[in-house]
Amino acid sequence: MDEFSLTGKTALVVGASRGIGLAIAQSLSRAGADTILAARSIDALRKATDALRAEGSSARECVLDISSSESIRTAVSLLPDIDVLINAAGINLRKRFQDYTREEYDRLLQTNLHGIVELTQVVGARMIARGKGGKVVMIGSLMSILGLPFLSVYAISKSGLAGLTRVLAAEWGRYNIQVNCIAPGFILTDLNHDMWQTDELHKWRTGAQANPQMGTPAHIAPLAVLLSGRGSDYITGQVIAVDGGYSTTASWPFEP
Ligand code: NAP
């Protein structure tokens, strides 16, 4: 199973205090990576790393605010060389396009796009300088590949990550750095917990995807492990949906 082993690799997961990023960090750690869990919530990070260390791993936490250039540069200057960068930090705000304020627009883009661009620049520059290759995994969204209403600014940020994934894969291929993007479907987390309270919404989703289950962070983590290790050496520049089939399938109330 060497293709899936991350033993000897150092992984940085940004947005690892809860939800999808935490599930990915736990799986990378269990696959053998020396995993650094980064976010703003130090207490949640400590709880997660304590639990991982109790399993025998070397997980550790790092306070990092992806929306602050200063925080990114300080954090990265204290980190060891990184083999795997997972960009999972993200926020969302659902509104009619015409109602977003400039402050809301800036806050969403600063966190979901500009901060991730800056972090990927500084970590990627060190990967290149070291000359040992690497892996970058963006956590995009269905809004990286299609449209749903009231998600315009989020879609701008997540489509930006998809474009960056393709270009960086081309640009950094010569350094043996593979860059991919996971597009999670409907995954129940703190980010959307309030939205998924109505039966009506669940009924709509059930008919719209081949696997009718609601997604969980654990559905996303295995692909992140694959994209972090040797098994993905020939996969790059891809935006891969993990969405129970939402982006490709639907069902009809019809029997032939
Ligand atoms: P979540 O449970 O709310 O987790 C968001 C994570 O991002 C937390 O660890 C949070 O940590 C971190 N974060 C937010 N702002 C940050 C900042 N300024 N600096 C550093 N970290 C920050 O949400 P989630 O659903 O797991 O989302 C994770 C990623 O998946 C996001 O990029 C999201 O867009 C994407 N996604 C989610 C879904 C879904 O259905 N849930 C679908 C598609 C894509 P702190 O608050 O501790 O800083």
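Atoms within a ligand are numbered from 1 in the order they appear, just like the ligands themselves.
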Which ligand 1 atoms, with their elements, are less than 4.0 angstrom from a heavy-atom of Asn192? 39 (C), 40 (O), 41 (N)
For ligand 1, is any non-hydrogen atom under 4.0 Å from Leu188's backbone (N, CA, C, O), its side chain (CB onward), both, or neither? neither
Please check: side-chain N/O of Asn92 versus main-chain N/O of Asn192, any donor-acceptor pairing under 3.5 Å? no
Purely on distance, is any nitrogen or oxygen of Leu142 under 3.5 Å from one on ligand 1? no
For the residue pair Thr249 / Gln209, report whether a side-chain donor-acceptor contact shorter than 3.5 Å exists. no
In the protein, which heavy atom is nearest to atom 23 (O) of ligand 1, and how far is it? Leu191 CB, 3.4 Å
If you take the nearest heavy atom of each of Gly140, Ala48, Ala89, Gly90, which one is closest to atom 44 (C) of ligand 1? Gly140
Considering only protein heavy atoms, which is closest to atom 31 (C) of ligand 1, and at what distance to one decimal place? Ala88 O, 3.3 Å
Lys158 to ligand 1, any heavy atom closer than 4.0 Å: yes
List every atom of ligand 1 that sits less than 4.0 Å from any heavy atom of Ser41, numbering the atoms from 1 in the order shown and giving each element. 45 (P), 46 (O), 47 (O)
Ligand 1 versus Ser17: contacting region, heavy-atom distance under 4.0 Å: both
Close-contact set for ligand 1 against Tyr154 heavy atoms, below 4.0 Å: 33 (C), 34 (O), 35 (C), 36 (N), 43 (C), 44 (C)
Angle between ring planes, Trp204 versus Phe186, binned at 30° and 60°: parallel, tilted or perpendicular? perpendicular
Contacting atoms of ligand 1, where contact means under 4.0 angstrom from a heavy atom of Asp65: 17 (C), 18 (N), 19 (N)
Suppose we measure from atom 3 (O) of ligand 1 to each protein heavy atom; which comes out shortest, and what is that distance? Arg18 NE, 3.4 Å
Nearest to atom 41 (N) of ligand 1, what protein heavy atom do you find, and at what distance? Ile187 O, 2.9 Å
State whether Arg53 and Asp50 are salt-bridged, where the test is any N-O pair (Lys NZ or Arg NE/NH1/NH2 against Asp/Glu carboxylate O) under 4.0 Å. yes
For ligand 1, find out whether one of its N or O atoms is nearer than 3.5 Å to an N or O atom of Ile66. yes
Backbone or side-chain N or O of Phe186 under 3.5 Å from ligand 1 N or O: no
Verify salt bridge (charged side-chain N to carboxylate O under 4.0 Å, His left out) between Lys47 and Asp43, making sure each step is shown before the conclusion. CA-CA 6 Å; Lys47 198 171 155 206; Asp43 291 348; over 6 Å; no
How far is atom 6 (C) of ligand 1 from its nearest protein heavy atom, and which residue and atom is that? Gly15 O, 3.8 Å
Contacts of type side chain to side chain contact (heavy atoms under 4.5 Å, CB included), residue Ser58, not counting sequence neighbours: Asp34
How many angstroms lie between NZ in Lys9 and CD1 in Ile82, if you round to the nearest 0.5 Å? 12.5 Å
For Thr189, is at least one N or O under 3.5 Å away from an N or O on ligand 1? yes
Any N or O of Pro184 closer than 3.5 Å to N or O of ligand 1: no
In ligand 1, which numbered atoms sit nearer than 4.0 Å to a non-hydrogen atom of Gly19? 2 (O), 26 (O)
N/O to N/O below 3.5 Å, does that happen between Val14 and ligand 1? no
Among all the protein's non-hydrogen atoms, which is closest to atom 30 (O) of ligand 1, and how far away is it? Ile139 CG2, 3.4 Å
Do the charged groups of Asp199 and Lys203 touch, with an N to O distance under 4.0 Å? no
Looking only at protein heavy atoms, identify the closest one to atom 48 (O) of ligand 1 and say how far it is in Å. Arg40 NE, 2.7 Å
Separation between CD1 of Ile36 and OG of Ser29, rounded to the nearest 0.5 Å: 11.5 Å
At a non-hydrogen distance cut-off of under 4.0 Å, which region of Ala16 contacts ligand 1 (side chain, backbone, both, or neither)? backbone
May I have the step-by-step check of side chain to side chain contact (heavy atoms under 4.5 Å, CB included) for Leu52 and Thr35, ending in yes or no? CA-CA 10 Å; Leu52 286 170; Thr35 307; 5.7 Å; no
Atom CD of Glu255: over 12 foreign heavy atoms under 6.0 Å: no
Taking distance alone, with N or O pairs closer than 3.5 Å, would you say Gly185 contacts ligand 1? yes
Crowding at OH, Tyr105 (>12 non-hydrogen neighbours, <6.0 Å): no
If you round to the nearest 0.5 Å, how far is OG1 of Thr248 from CG of Leu146? 10.0 Å
Distance only, no hydrogens: is a donor on one side chain within 3.5 Å (strictly under) of an acceptor on the other, for Ser232 and Gln178? no
Ionic contact status for Asp83 with Lys135, cut-off 4.0 Å: no
From atom 38 (C) of ligand 1, work out which of Leu37, Leu64, Ile20 has a heavy atom at the shortest distance. Ile20
